[in-house]
Amino acid sequence: MKNNLLITISRQFGSSGHQIAEQLSQSLDLPLFDKDSIAQAAKDYGMYARIMTEDHPTPTNSLLYSIAANMYSLSRSGLSFEQQVSMAEEETMRNLAKEGPSIFIGRAADAVFANHPNRISFFIHAPLEWRIERITKLYHITDSKAQSMIKQMDRKRATYYAERSDTPWGHAAGYHFSIDSSMLGTAGTTEQILTFLRAYQYQE
């Protein structure tokens, strides 16, 4: 494995992307960082210890927002609350990447690490009908609710990504490898990604 390999994974909601990332993490013995672990790492790093001022927006229940809220005073930074959240997250991600080869899922990681010399980016997608069936079973909800959830989450991810990259979310040209997880299932898709990574590892 290349010493500074960095794998980024973007995925459509319901495409089993997180499960695939977990399997990759186990197979490659690499740490996996998602939204929650990145937020926890930001707290552990202790980078945002300053207490927010009274004119600061009320923190949400999100750990990352709470961390960003304590980063520094808006009046002194001149940045919006959302910009502070983004800075907190991206700084944490870069610090985590410095610790060694790793996998990042979501959080527009491929855009954050666009200039990383050994970044390999993947996009996992699947037909809407397949994802609806999977989400209905996973959350025990109706097809209509599953479809609504999928569209809402995909729209949210696309918007988040658009704020950090000029390339549209899910556009094949923006990734090194794009795959339909419904064709081979979670295990099969994981194996195809591993095959790709092995080929990359041993190229001259």
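Just so you know, these numbers come straight off a predicted model, no measurement behind them.
Between P117 and Y200, the shortest heavy-atom distance links the atoms O-OH, 4.2 Å. Taking each heavy atom of F113 and A97 in turn, the nearest pair found is CE2-CB, 3.6 Å. Nearest heavy-atom pair across H116 and N118 is ND1-N, 3.1 Å. Across every non-hydrogen atom of T189 and D180, the tightest pair is OG1-O, 4.4 Å. Shown here for A21 and I103, the closest heavy-atom pair between the two residues is O-CD1, 4.3 Å. Across I135 and A146, no two heavy atoms sit closer than the pair CG2-CB, 3.7 Å.
In this structure, F122 and I179 have side chains that are not in contact, with every pair of non-hydrogen atoms separated by 4.5 Å or more. L28 is not listed as a side-chain neighbour of L5, based on a closest heavy-atom distance of 4.5 Å or more. S102 places none of its side-chain heavy atoms less than 4.5 Å from the side chain of L30. No side-chain heavy atom of I9 sits under 4.5 Å from any side-chain heavy atom of D110.
The cluster map of Ile, Leu, Val, Met, Phe, Trp and Tyr, joined by side-chain heavy atoms under 4.5 Å apart, puts L197 and I105 in the same cluster. Both L194 and L32 are part of a single hydrophobic cluster, where members link through side-chain heavy atoms under 4.5 Å apart. Linking Ile, Leu, Val, Met, Phe, Trp and Tyr residues whenever their side-chain heavy atoms come within less than 4.5 Å leaves W130 and I132 in two separate clusters. Under the 4.5 Å side-chain contact rule for hydrophobic residues, L128 and I141 share a cluster.
One finds the OG atom of S16 at 8.0 Å from the CD atom of Q23 (value rounded to the nearest 0.5 Å). Q192 contributes atom CD, which lies 6.0 Å from atom CZ of F177 (distance to the nearest 0.5 angstrom). Rounded to the nearest 0.5 Å, atoms OG1 (T190) and CD (Q26) are 9.5 Å apart. Atoms CG and NZ, from L6 and K98 in turn, are 13.0 Å apart once rounded to the nearest 0.5 Å. Interatomic distance, S25 OG to H18 NE2, rounded to the nearest 0.5 Å: 10.0 Å.
Judged purely by distance below 3.5 Å, without hydrogens or angles, the side chains of H176 and S121 pair a donor atom with an acceptor atom. Side-chain N/O atoms of N95 and T92 include no donor and acceptor closer than 3.5 Å.
Although no hydrogens or angles enter the test, the distance criterion places no donor-acceptor pair under 3.5 Å between the side chain of S178 and the main chain of A172. In this structure, R11 contributes its side chain and I124 its backbone to no donor-acceptor pair below 3.5 Å. The closest donor-acceptor contact from the side chain of T142 to the backbone of K145 lies under 3.5 Å. Counting only distance, with no hydrogens or angles, the side chain of T136 and the backbone of E133 share a donor-acceptor pair below 3.5 Å. Side-chain N or O atoms of T195 include one that pairs as donor or acceptor with a backbone N or O of E191 at under 3.5 Å. Between the side chain of S148 and the main chain of S144, no donor-acceptor pair closer than 3.5 Å is present. The closest donor-acceptor contact from the side chain of S165 to the backbone of Y161 lies at 3.5 Å or more, if one exists at all. Formation of a donor-acceptor pair under 3.5 Å by the S181 side chain with backbone atoms of S15 is found in this model.
Note on ring orientation: taking the six-membered ring where Trp is involved, the planes of F123 and Y175 are tilted (angle from 30° to 60°).
In this structure, R107 is not positioned above the aromatic face of F33 in the sense of NZ or CZ being under 6.0 Å from the six-membered ring centre and within 45° of the axis. Both cation-pi conditions hold for R164 and Y160: the charged atom is under 6.0 angstrom from the six-membered ring centre and inside a 45 degree cone around its axis.
For R94, the salt bridge (charged side-chain N to carboxylate O under 4.0 Å, His left out) test picks out E90, with sequence neighbours left out. In this structure R131 satisfies the salt bridge (charged side-chain N to carboxylate O under 4.0 Å, His left out) test together with D154, sequence neighbours excluded.
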Quick one: do W169 and Q12 satisfy side-chain contact (heavy atoms from CB on, under 4.5 Å)? Show the steps, please.
CA-CA 10 Å; W169 178 75; Q12 289 182 323; 4.0 Å; yes
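Remark: R134 does not engage E129 in a salt bridge, criterion side-chain N to carboxylate O under 4.0 Å.
The environment of M153 atom CE is dense: over 12 non-hydrogen atoms of other residues, nucleotides or ligands sit within 6.0 angstrom.
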